[in-house]
Novice: 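Mind having a look at this structure? Questions to follow.
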Number of protein chains: 2
Amino acid sequence: MESRCENCIVRQFNSLRAMSKEELKQVSDSKTTKVLKKGESIFGEGDKLNGVYCVRSGVSKLSKLSANGKDQIVKLASKGEVIGQRSVIAEESTNLSAIAVSDMEVCFIPKESITHTLQKNPDFTLEVLRHMAHDLKEADDVIVNISQKTVKQRIAEAFLYLKKNFGEDKDGFLALTLSREDISNVVGTATESAIRIISEFKKKGLIHTSGKKIGIKDEKKLLEMVEGF
Amino acid sequence: MESRCENCIVRQFNSLRAMSKEELKQVSDSKTTKVLKKGESIFGEGDKLNGVYCVRSGVSKLSKLSANGKDQIVKLASKGEVIGQRSVIAEESTNLSAIAVSDMEVCFIPKESITHTLQKNPDFTLEVLRHMAHDLKEADDVIVNISQKTVKQRIAEAFLYLKKNFGEDKDGFLALTLSREDISNVVGTATESAIRIISEFKKKGLIHTSGKKIGIKDEKKLLEMVEGF
DNA sequence: AGGATGTACTGATAAATATCATATTTTTAG
DNA sequence: CTAAAAATATGATATTTATCAGTACATCCT
């Protein structure tokens with residue numbers, strides 16, 4: 001039997017915790033759960049969404065394709081985050097595509113449940129607003145980082161971010177393994193440049209690698225690098 | 001005598017139009033109007049705001065200082081826009097500073113009026129949410145532009161943006177005159193690089209200049225440049 | 001297992017952009 | 001109105017980053 005939103009642990013991380021019992025029941029009755037394998041798409045850029053996706057497990061990259069054919073990853077969404085909110089609220093097509101970067105389990109929630117609650121329950125709306133305010137601040141930070149920091153600094157920062165947000169496995173590797181291409185798309189650089197800098201970090205003893213996997217060896221030095229020495 | 005929000009034209013551009021008569025009256029009674037000269041600061045990065053600022057006239061740059069001492073302009077806010085909303089909603093210090101880039105008139109609205117309405121009037125909250133969703137989308141676009149387009153393309157785009165959003169004067173110059181440094185801070189590049197490209201555009205007949213003032217001569221070519229030919 | 005395909009890596013070079021130095025023009029202040 | 005200060009402009013050069021070419025791994029697939 002499908003699990004109920006009322007008992008879902010990830011709910012405490014997102015705006016759904018501000019829903020009333022009845023509202024939550026309605027969401028739970030109308031939601032569908034979806035299992036995705038790494039690499040599968042949740043939605044594409046320009047799609048009209050009929051609802052939002054709540055991440056139960058795994059990680060999705062939200063990215064936008066630019067004219068020159070490169071993807072820019074704007075955000076990595078994980079447990080508890082609600083994807084597609086922005087488009088549903090603004091009643092627009094999505095400006096980003098969402099693709100699983102690890103195996104995932106997501107719940108699709110039809111937009112009617114959301115929009116109805118947005119109109120009736122100010123607690124919920126305010127909660128969503130707070131989340132969006134947070135996302136906006138993060139986006140501002142990304143803008144400043146991309147335009148003012150070197151690629152080396154941004155890659156160092158990305159590794160620290162990945163450790164902080166997704167943790168490490170028992171062998172000391174970052175728990176979320178991204179391809180070199182994905183790393184370069186987070187950072188906004190050419191894949192070769194990213195690889196070159198990863199090799200350099202390895203030579204300098206800042207990180208260790210095994211295949212795609214990357215582990216942080218000298219967090220302090222990486223932090224200094226991000227700050228600009 | 002001070003004018004009343006109820007009759008303020010700029011209100012129709014922002015979330016305040018979703019307020020009830022009583023709420024609006026309360027805002028109007030508690031607001032104060034402030035006149036700023038070009039270059040003056042509305043608030044600084046890290047300030048705790050006791051309210052928001054509604055722009056009646058003029059333009060403000062919202063920027064963030066980076067570790068290397070350069071400012072990155074994240075947004076230009078003009079008539080009808082509400083500045084400081086994000087921080088007040090998230091109950092955080094500001095992540096950006098706001099400085100007038102032209103003479104301005106702004107209304108300061110104490111945060112109590114705002115937060116109270118946010119909790120009581122879902123129409124208003126939803127309206128604020130829609131605006132923030134829009135800002136977030138724009139921020140995503142900026143991220144992609146900065147990381148994927150050349151400085152030349154971004155400067156061309158900035159000029160088209162300035163024309164579209166702030167218009168031209170009778171002589172065909174952009175109505176909003178920014179210093180070369182501000183232009184470089186919008187685009188995220190070194191001032192000298194921006195100046196060099198402006199000179200090049202002038203030589204190629206894409207724009208004309210007179211002192212700081214810049215006018216668009218060949219909009220089509222600029223647009224092609226932004227798209228990547 | 002073994003070819004096939006994609007991903008990771010490295011080197012050589014080119015292109016884009018930043019930095020430093022300095023000249024020129026514009027704006028500001030007295 | 002004029003001297004000083006600030007902003008704009010341009011040249012020379014250094015640095016950063018992208019691109020192109022090619023090799024080495026790894027993993028996928030029947």
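Any value given below was found using the heavy atoms of this structure, including those in side chains, with hydrogens, waters and symmetry copies removed. In what follows, every chain begins at residue 1, and chains take the letters A, B, ... in the order their sequences are listed.
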Novice: I need a per-nucleotide contact map over nucleotides 11-30 of chain D, read 5' to 3'. Cutoff is protein heavy atoms under 4.0 Å; write B for the base, S for backbone only, - otherwise.
Specialist: BB----SBBB----------

Novice: Using atom types as modelled and distance alone, determine if a side-chain donor or acceptor of B:D171 lies under 3.5 Å from a backbone N or O of B:F173.
Specialist: no

Novice: Using distance alone, with no hydrogens and no angle criterion, decide if A:K213 and A:T177 have a side-chain donor and acceptor under 3.5 Å apart.
Specialist: no

Novice: After noting the C-alpha distance and the side-chain angles of A:K75 and A:D135, does the key distance pass the salt bridge (charged side-chain N to carboxylate O under 4.0 Å, His left out) rule?
Specialist: CA-CA 9 Å; A:K75 188 179 163 68; A:D135 281 354; 3.5 Å; yes

Novice: I'd like to know if B:K204 and B:E200 make a salt bridge, using a cut-off of under 4.0 Å between side-chain N and carboxylate O.
Specialist: yes

Novice: Identify the 5'-most and 3'-most nucleotides of DNA chain C with at least one atom closer than 4.0 Å to a non-hydrogen atom of chain B.
Specialist: C:dT17 to C:dC20

Novice: OP1 or OP2 of D:dT10 sitting under 4.0 Å from any side-chain N/O of B:S199?
Specialist: yes

Novice: Give the rounded distance in Å between these two atoms: CZ of B:F201 and P of D:dT8.
Specialist: 17 Å

Novice: Between the side chains of B:E157 and B:N145, is a donor N or O closer than 3.5 angstrom to an acceptor N or O?
Specialist: yes

Novice: For a quick check under 3.5 Å, do B:Q72 and B:N185 share a side-chain donor-acceptor pair by atom type?
Specialist: no

Novice: Ring-plane angle category for B:Y53 and B:F43, please: parallel below 30°, perpendicular beyond 60°, tilted otherwise.
Specialist: tilted

Novice: Would you say the side-chain atoms of B:R56 and B:T33 include a donor-acceptor pair closer than 3.5 Å?
Specialist: no

Novice: Is it true that the side chains of B:S63 and B:D71 contain a donor and an acceptor less than 3.5 Å apart?
Specialist: yes

Novice: Could you identify which residues of residues 168-183 of chain B place a heavy atom less than 4.0 Å from some atom of DNA chain C, listed by residue number, or say none?
Specialist: none

Novice: Decide yes or no on side-chain contact (heavy atoms from CB on, under 4.5 Å) for B:L76 and B:F166, but give the supporting numbers first.
Specialist: CA-CA 10 Å; B:L76 292 168; B:F166 305 105; 4.1 Å; yes

